[in-house]
Protein chains: 2
Amino acid sequence: LQKNVLLFPMTPNSSYQAISFAYGKARILDQRELPLKEKYLELSHPREVIAAIKSLAIRGAPLLGLAGLTALHLAAVQSNEKNEFHAYVKDIIHARPTAVQLSLIVRAQYDRCCNFSLKEQASLYYEAALDYEKQMLHESEAIAIHGQTLLKQHSKLLTHCNTGPLAMGGWGTALGIIIYGALMLRRNYEVFYTETRPLQQGLRLTSFELHKHQIPATCIVDSAAAYLMSKGMIDAVITGADRIAQNGDTANKIGTYSLALASHAHSIPFYIAAPWSTFDPASISGETFTIEYRDAIEVLRPYSLEQEKARNNSKVLNPAFDITPGKLITAFITERGVDRPPFHF
Amino acid sequence: LQKNVLLFPMTPNSSYQAISFAYGKARILDQRELPLKEKYLELSHPREVIAAIKSLAIRGAPLLGLAGLTALHLAAVQSNEKNEFHAYVKDIIHARPTAVQLSLIVRAQYDRCCNFSLKEQASLYYEAALDYEKQMLHESEAIAIHGQTLLKQHSKLLTHCNTGPLAMGGWGTALGIIIYGALMLRRNYEVFYTETRPLQQGLRLTSFELHKHQIPATCIVDSAAAYLMSKGMIDAVITGADRIAQNGDTANKIGTYSLALASHAHSIPFYIAAPWSTFDPASISGETFTIEYRDAIEVLRPYSLEQEKARNNSKVLNPAFDITPGKLITAFITERGVDRPPFHF
């Protein structure tokens with residue numbers, strides 16, 4: 001693979017950054033406003049970061065690890081006493097229940113540091129956030145490189161939701177593989193991406209990132225994927241993950257399971273790209289995963305604000321994630337390479 | 001089954017009607033405006049009816065047969081000479097390429113009557129439309145009754161798109177079975193329906209019809225269906241059809257194929273409800289079906305009108321239908337009963 005790499009490697013487009021931080025401060029690109037506005041939120045209070053996480057101003061499982069550490073840092077900076085701090089910690093850990101990094105990484109850092117003074121903890125969490133950010137950059141590049149081995153020049157790829165630099169610092173995960181291949185190996189992948197209802201992370205965020213990297217691509221509604229597969233238009237499907245169990249069962253954006261079933265029916269490889277931090281050693285299978293249900297308004301609002309008037313007609317069930325059985329997943333692409341269960345934790 | 005039928009049978013809610021007509025006039029409920037506005041279009045020119053068909057102001061494969069005959073009647077009324085009339089006939093037949101009734105029924109009536117004078121043809125098509133309307137009412141009731149034999153009190157049902165009285169005069173097809181069971185047999189079906197992107201016929205039209213008939217129901221995004229199935233929340237899936245081949249291959253609203261694949265993976269019965277007029281004796285399989293691709297704006301617009309500004313970022317592929325292989329369909333519910341291929345034409 002190395003010999004195909006350009007002599008002067010490019011980096012992902014740095015004209016936008018999902019999150020950056022300094023001591024006592026965080027700056028978050030408000031992903032709710034994309035692609036129409038690139039608006040940055042300047043935050044200094046943990047409550048603001050928690051609200052940004054809950055409202056999906058910042059999202060993407062690996063990036064939520066960093067957002068969580070930033071919130072933890074700000075909580076230690078802003079709290080006057082440990083009880084106040086503990087309440088913030090609890091809120092951070094429970095802000096998004098399915099994404100594994102947020103709770104596991106925040107909890108691990110808290111367990112490591114909680115006996116220090118709040119001032120000392122503030123510094124420790126700041127360093128942990130810096131470390132995590134660096135680690136993410138390395139991991140995403142390794143994932144992007146390993147991913148190329150499964151693909152070819154002109155591969156016809158389908159991805160779901162958003163998994164670029166807006167979801168994981170550096171290149172991203174699944175979309176990172178696509179962007180890296182296009183930029184670094186000059187591969188002309190034929191890229192399809194799903195709209196990703198209800199919040200349209202595909203149509204809004206993946207389209208934004210592909211456009212920023214000048215990669216041509218085609219959007220389809222989520223339910224059109226199987227039809228494209230039946231017409232031979234898709235060679236492989238790659239998505240990210242929010243939590244992966246020991247047996248490979250994977251929680252990811254609602255609709256992932258449908259794509260995996262359709263891939264299986266058409267003998268199309270279905271890949272999950274995720275850093276090793278997404279693997280949950282405490283879960284034997286996906287059965288114990290908590291699936292986050294979100295507000296009905298996410299389904300009702302996007303059609304038109306007027307649509308809300310018709311809301312009483314419709315009870316809505318809005319699971320944000322589903323669980324794809326490990327046996328439907330051809331391979332997992334992590335920073336360690338291409339892997340399959342049983343995993344070595 | 002008969003003994004369970006109420007002594008004083010109800011009819012479907014008649015406070016709204018998708019299409020009605022008199023000699024030289026048609027009245028169409030503009031389904032693009034539902035559920036927010038119940039606006040009726042008063043039309044007297046074939047061009048207006050053709051535009052209503054193309055823009056989906058009126059839709060639903062069986063109902064398009066009636067809309068087509070109405071347009072044919074108005075074309076004969078309004079044309080000054082046969083060449084003008086023939087141009088309209090061609091436009092009517094090609095207005096929606098996948099729905100079978102529109103082209104087959106209009107063409108059959110035209111072939112039967114085209115040697116008469118335009119004035120005579122106008123009368124003949126008017127009578128044909130009246131006959132077709134009556135026939136639809138009988139067929140939809142027969143479909144609704146036969147459908148009950150496959151379901152039980154408290155069955156948990158999932159349907160897709162809209163297939164109620166807005167899609168076929170009388171009760172409808174798939175949704176007609178649900179409405180009929182709830183009203184006539186007092187069955188408390190647990191009803192789930194998909195939003196149905198891009199045009200949200202589920203969230204807009206099925207919610208409207210269920211609300212009009214006071215049937216509680218729950219909306220999900222299209223891609224959440226497989227997850228609900230994996231959680232044991234769905235006992236059966238019922239959809240309509242736009243065209244059915246000899247081997248059971250079925251063209252229907254985009255997303256139907258995904259639902260059939262997911263049903264199959266979970267051993268959940270998958271039923272198609274459609275009048276016999278939906279079966280295309282000329283098609284051995286679905287391979288020869290023409291699939292209508294519609295404008296990208298249908299995918300881009302619903303999010304917000306501002307979203308259109310971001311349109312340049314996104315090439316969109318918008319197939320309106322997909323093809324579900326006959327082997328994934330547990331049974332077909334027609335006015336003749338419950339059937340499976342090979343069909344007797």
Side-chain angles (χ1 to χ4, degrees), chain A residues 34-36 160 192-198 200 203-204 207-208 210-211 216-228 230 233 253-262 264-265 291 296 298-300 302-307 309-310 312-319 321-323 325, chain B residues 34-36 160 192-198 200 203-204 207-208 210-211 216-228 230 233 253-262 264-265 291 296 298-300 302-307 309-310 312-319 321-323 325:
Chain A
L34 291 175
L36 301 173
H160 186 52
F192 294 90
Y193 60 97
T194 59
E195 171 191 21
T196 316
R197 282 284 285 150
Q200 301 187 296
L203 184 55
R204 296 191 302 107
S207 76
F208 171 83
L210 288 165
H211 184 70
T218 302
C219 182
I220 58 170
V221 295
D222 302 86
S223 73
Y227 180 64
L228 266 66
S230 76
M233 295 167 74
K253 176 58 54 203
I254 193 75
T256 304
Y257 178 34
S258 276
L259 296 179
L261 285 171
H264 184 74
I291 294 297
E298 291 185 352
V299 175
L300 299 176
Y303 177 66
S304 119
L305 287 172
E306 280 190 286
Q307 184 72 29
K309 290 183 202 159
N312 291 334
N313 292 356
S314 286
K315 201 177 127 196
V316 171
L317 202 64
N318 183 19
F321 303 95
D322 58 25
I323 298 166
Chain B
L34 291 175
L36 302 173
H160 186 52
F192 294 91
Y193 60 97
T194 58
E195 171 191 20
T196 316
R197 282 286 284 151
Q200 302 187 294
L203 184 56
R204 296 191 302 106
S207 76
F208 171 84
L210 289 165
H211 184 68
T218 302
C219 183
I220 58 170
V221 295
D222 301 88
S223 73
Y227 180 63
L228 267 67
S230 76
M233 294 168 75
K253 178 57 53 200
I254 193 76
T256 305
Y257 179 34
S258 277
L259 295 179
L261 285 170
H264 184 73
I291 294 296
E298 291 185 353
V299 175
L300 299 175
Y303 177 67
S304 117
L305 287 174
E306 280 191 286
Q307 181 75 26
K309 290 183 204 157
N312 291 334
N313 292 357
S314 287
K315 201 178 126 195
V316 171
L317 202 63
N318 183 20
F321 303 94
D322 58 24
I323 297 165

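Each chain gets a letter, A, B and so on, in the order its sequence line appears, and its residues count up from 1.
- For B:Leu259, no part sits under 4.5 Å from any heavy atom of chain A, backbone or side chain.
- The shortest heavy-atom contact between B:Thr196 and B:Lys253 is CG2-CG, 3.5 Å.
- The side-chain contact (heavy atoms from CB on, under 4.5 Å) search around B:Ser223 returns A:Asp222, A:Ile254, B:Val221, not counting sequence neighbours.
- Scanning for ring pair (Phe, Tyr, Trp, His ring centres under 6.0 Å) contacts around A:Tyr227 gives an empty result, with sequence neighbours left out.
- Considering only heavy-atom pairs separated by less than 4.5 Å from chain A, the leading option among B:Thr256, B:Ile220, B:Ile291 is B:Ile291.
- In terms of heavy-atom pairs under 4.5 Å with chain B, the best-connected choice from A:Thr194, A:Leu261, A:Ile323, A:Leu210 is A:Leu261.
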*Take A:Phe192 and A:Met233 through the test side-chain contact (heavy atoms from CB on, under 4.5 Å) and record every step on the way to the result.*
CA-CA 9 Å; A:Phe192 294 90; A:Met233 295 167 74; 4.2 Å; yes
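- When B:Pro325, B:Ala262, B:Ala225, B:Gly255 are compared by the number of non-hydrogen pairs under 4.5 Å with chain A, B:Gly255 comes out ahead.
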